[in-house]
Amino acid sequence: HAGVVATAQRLAPRTGGSVWIGHDPVAAVSGADAVYTDAWTSMGAEAEADARRQRFAGFRVDADLLAAAAPEALVMHCLPAHRGDEISDEALDGPTSVVLDQAENRLYVQQALLVELIGADAGQRGVA
């Protein structure tokens, strides 16, 4: 959404950041300290999978793309990953991948949310 991009571009310099929109994956990761990808096909959009594989093939996070990033660039993915589509096995399982750490951090947030929701519900029912 253009409004979100405009807001991000306006706010990013306050923290030394920037927002850049482009269509060249090598330029996008050039010198990057982290490379983040997401599933190309979400649940419910399986019918579009083949078309997306073709359209996004140049954006696969793999050794070739990571060669343009900083030498120790972190590799991130929010899971579940479609190995061979948006990310290669070697990138997902590589030494700079923090994908499992990322998943673990989300686990704690989700657990806290469940505790809050269940705790709020139990409190309303008088259960301690």
Side-chain angles (χ1 to χ4, degrees):
H1 186 270
V4 172
V5 172
T7 300
Q9 288 173 326
R10 181 175 47 83
L11 296 176
R14 293 183 185 178
T15 59
S18 64
V19 175
W20 172 81
I21 306 295
H23 294 58
D24 178 353
V26 174
V29 303
S30 181
D33 293 318
V35 178
Y36 195 121
T37 189
D38 193 1
W40 290 347
T41 305
S42 298
M43 290 187 337
E46 290 85 359
E48 302 171 11
D50 288 336
R52 287 174 181 242
R53 277 187 202 98
Q54 290 176 4
R55 186 172 182 193
F56 298 143
F59 291 85
R60 178 176 295 115
V61 176
D62 57 18
D64 290 338
L65 185 61
L66 289 172
E72 297 297 317
L74 300 177
V75 174
M76 304 177 75
H77 192 300
C78 60
L79 298 180
H82 300 102
R83 291 172 179 265
D85 285 347
E86 70 271 2
I87 192 165
S88 69
D89 287 339
E90 97 186 304
L92 188 62
D93 301 326
T96 63
S97 173
V98 293
V99 173
L100 294 180
D101 295 317
Q102 216 181 328
E104 181 182 19
N105 289 339
R106 281 194 319 276
L107 172 67
Y108 298 132
V109 170
Q110 292 162 354
Q111 287 174 332
L113 181 60
L114 286 172
V115 167
E116 183 66 25
L117 293 172
I118 292 170
D121 184 49
Q124 291 173 354
R125 292 180 292 151
V127 178

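Closest approach of Val29 to Leu65, counting heavy atoms only: CG2-O, 3.4 Å. Taking all atoms of both residues into account, the shortest heavy-atom contact from Ala32 to Ala73 is O-CB, 3.4 Å. Across all non-hydrogen atoms, the minimal contact from Ala49 to Thr41 is CA-OG1, 3.4 Å. Pairing each heavy atom of Ala81 with each of Glu86, the nearest pair is CA-OE2, 3.4 Å. Scanning all heavy atoms of the two residues, the minimum distance from Ala28 to Trp20 falls at CA-CZ3, 3.4 Å. Here the closest non-hydrogen pair linking Met43 and Glu46 is CA-OE2, 3.5 Å.
A donor-acceptor distance shorter than 3.5 angstrom exists from the side chain of Ser97 to the backbone of Leu92, with no hydrogens or angles considered. At distances below 3.5 Å, not a single donor-acceptor pair connects side-chain atoms of Arg52 with backbone N or O atoms of Ala39. A donor-acceptor pair is defined here as one N or O able to donate and one able to accept, closer than 3.5 Å; no such pair exists between the side chain of Arg60 and the backbone of Ile87. For the pair Glu90 (side chain) and Asp62 (backbone), a donor-acceptor distance under 3.5 Å is absent. When atom types are taken as modelled, the side chain of Thr7 and the backbone of Gly3 share a donor-acceptor pair closer than 3.5 angstrom. Here the side chain of Ser42 pairs no donor or acceptor atom with the backbone of Ala45 at under 3.5 angstrom.
Val26 and Leu66 fall within a single hydrophobic cluster, where Ile, Leu, Val, Met, Phe, Trp and Tyr side chains are chained together by heavy-atom contacts under 4.5 Å. A chain of hydrophobic side-chain contacts below 4.5 Å, direct or via other Ile, Leu, Val, Met, Phe, Trp or Tyr residues, connects Tyr36 to Leu74. Following chains of ILVMFWY side-chain contacts shorter than 4.5 Å, one can reach Leu79 starting from Val35, so the two form part of one hydrophobic cluster.
A distance of 6.0 Å separates CG of Asp38 from NE2 of His77, quoted to the nearest 0.5 Å. Expressed to the nearest 0.5 Å, how far CZ of Arg106 lies from CG of Asp101 amounts to 11.0 Å. Summarising the geometry, atom CD belonging to Glu72 is positioned 6.5 Å from atom OG1 belonging to Thr96; distances are rounded to the nearest 0.5 Å. With rounding to the nearest 0.5 angstrom, the CD atom of Gln110 is 8.0 Å from the CG atom of Leu113.
Within the 4.5 Å cutoff, side-chain heavy atoms of Asp50 are placed close to those of Arg53.
Within a 6.0 Å sphere centred on CZ of Arg55, other residues, nucleotides and ligands contribute 12 heavy atoms or fewer.
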